[in-house]
Amino acid sequence: MALSREQIAIRVARELKDGFYVNLGIGIPTLVANYVPDDIEVMLQSENGLLGMGPFPTEDTIDADMINAGKQTVTAAIGASIFSSAESFAMIRGGHVDLTVLGAFEVDVMGNIASWMIPGKLIKGMGGAMDLVAGADNIIVTMTHASKHGDSKLLNKCSLPLTGAGCIKKVLTDLAFMDIDNGAFILRERAPGVSIEEIIDKTEGKLIIPDNVPEIEF
Amino acid sequence: MSGFNKVVDSYEEAMAGLEDGMTILAGGFGLCGIPENLINQVKKSGVKDLTIVSNNCGIDGFGLGVLLEDRQIKKMISSYVGENALFERQMLAGELEVELTPQGTLAEKMRAGGAGIPAFYTATGFGTPVGEGKEVREFSGRSYILEESVTGDFAIVKGWKADRFGNVIYRHTAQNFNPLAATAGKITVVEVEEIVEPGELDPAQIHTPGIYVDRIIKGNFEKRIEQRTVRTNK
């Protein structure tokens with residue numbers, strides 16, 4: 001069966017390491033914060049200028065001056081720091097963030113990502129996504145493998161305007177966990193009960209299938 | 001207003017000299033840390049054909065959104081503008097020019113503008129619509145695009161506390177773009193929640209040194225919350 005949003009977040013959380021600074025995008029990536037293993041410490045970076053994001057506040061502690069990049073009210077964790085937008089993107093662009101998790105519309109075999117603009121539909125803007133994909137070395141893209149109509153989102157060449165070129169090396173979809181290397185997707189893991197045939201069927205881009213593709217365990 | 005007393009008493013005085021066609025840099029992220037009263041004064045002044053450089057454009061009826069009501073904005077330079085129905089209508093009708101700029105590039109444009117650096121190379125946006133038509137240069141095998149910095153005729157900034165010298169500190173994440181905008185205005189106006197006695201602010205904790213600041217005014221703030229989220233458990 002395809003992974004739920006929570007299962008995608010749980011699988012991403014297994015990539016976290018003790019001492020990591022992590023930027024989580026809006027949507028499924030945000031859920032990753034709920035599944036940080038108890039025995040490690042990570043610091044969440046929010047690109048509006050907060051390193052060390054804590055949980056949502058209580059009604060008593062809510063503060064209009066304390067928000068995250070999704071404009072939600074949050075708290076600062078112990079050990080947090082707060083700074084300007086330029087400082088925040090110096091961290092991001094300078095490659096200091098250990099892991100970035102974000103969503104996408106399309107990814108292709110060259111590591112290109114399209115996540116911000118669908119021509120003909122309203123364009124709201126890229127926010128910090130272009131800086132995040134350009135600056136981070138370790139990025140996991142979370143997305144659904146195919147559209148509701150069954151069209152693959154894992155392509156030989158992105159059809160939508162790009163957010164970044166040649167910057168994505170790992171993709172986790174509701175069906176599979178893949179690396180991107182040397183002009184191909186490499187199937188590493190599959191969702192429990194999802195056949196390799198289904199993944200082949202829903203992947204338009206060149207796909208390499210190693211001999212052993214384990215199911216993700218929960 | 002003279003010497004090192006930068007405090008002004010009225011919003012008219014705070015925004016004196018604002019004219020049609022000027023460029024205004026505004027601090028704030030979403031509705032957090034926006035100079036809400038200075039924005040209202042821009043509305044009241046009735047000036048037109050403004051270019052506004054700000055991460056967002058407020059919401060309908062609050063923040064920079066109020067400047068859309070009388071079509072005072074000609075061009076908006078922002079990273080994300082999706083919270084605003086009037087904005088959408090004016091953009092689709094071709095009445096409002098929008099230059100979408102990656103958030104980190106926007107911050108660096110202001111920082112560089114204030115620091116006397118006319119342009120900088122960044123990998124952000126290379127190979128995307130943002131990079132189209134911009135100079136590309138390779139450093140150590142990676143491609144970067146040349147982005148020009150920005151300055152404003154005015155910078156409007158929201159601080160927490162300031163003294164009469166124009167030294168400013170910001171509160172929590174209401175800092176965001178404010179200290180960057182503050183450096184890059186020909187006239188920088190900062191509105192704050194509190195004006196404190198000289199010497200009260202620790203010199204080592206100042207976010208914006210007074211050299212960047214021309215006018216200080218004390219305001220009252222609504223501080224509207226865009227996404228009110230609270231813990232449901234415990």
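Chain letters run A, B, ... following the sequence lines, proteins first and then strands; every chain starts at 1.
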Honestly, the part of A:T163 sitting under 4.5 Å from a heavy atom of chain B is backbone
Residues 120-133 of chain A vs side-chain hydrogen bond (donor to acceptor under 3.5 Å, both in side chains), sequence neighbours excluded, gives A:D131-B:T124
The interface call for A:N112 against chain B, heavy-atom contacts under 4.5 Å, is neither
Filtered by a 4.5 Å non-hydrogen cutoff, the part of residues 136-145 of chain B contacting chain A is B:R142
Query - Side chains of B:Q227 and A:T73 in contact at under 4.5 Å (non-hydrogen atoms) - result: no
Ordered numerically, the heavy-atom neighbours of chain A under 4.5 Å found in residues 149-158 of chain B are none
If one checks every heavy atom of A:L132 against chain B at 4.5 Å, the contacting part turns out to be neither
So, the part of A:E47 with a heavy atom under 4.5 Å from chain B: the answer is both
- request: Evaluate the side chain to side chain contact (heavy atoms under 4.5 Å, CB included) criterion for residues A:I62 and B:V230: first the C-alpha distance (whole Å), next the side-chain angles of each, then the deciding distance (0.1 Å), finally the verdict.
  value: CA-CA 7 Å; A:I62 201 161; B:V230 292; 3.8 Å; yes
TODO: Please step through side chain to side chain contact (heavy atoms under 4.5 Å, CB included) for the pair A:M126 and B:T128, ending with a clear verdict.
DONE: CA-CA 11 Å; A:M126 70 293 281; B:T128 79; over 6 Å; no
Okay, A:I92 and chain B: the region with an atom under 4.5 Å from a heavy atom over there is neither
Item to check | Check: A:D65 and B:Q175 side chains under 4.5 Å, non-hydrogen atoms | outcome: no
Item checked: Criterion side chain to side chain contact (heavy atoms under 4.5 Å, CB included) on B:Q103 and A:F89, from CA distance to verdict -> CA-CA 8 Å; B:Q103 196 174 131; A:F89 282 93; 3.4 Å; yes
Checking heavy-atom separations under 4.5 Å from chain A, one finds in residues 177-188 of chain B B:F177, B:P179, B:L180
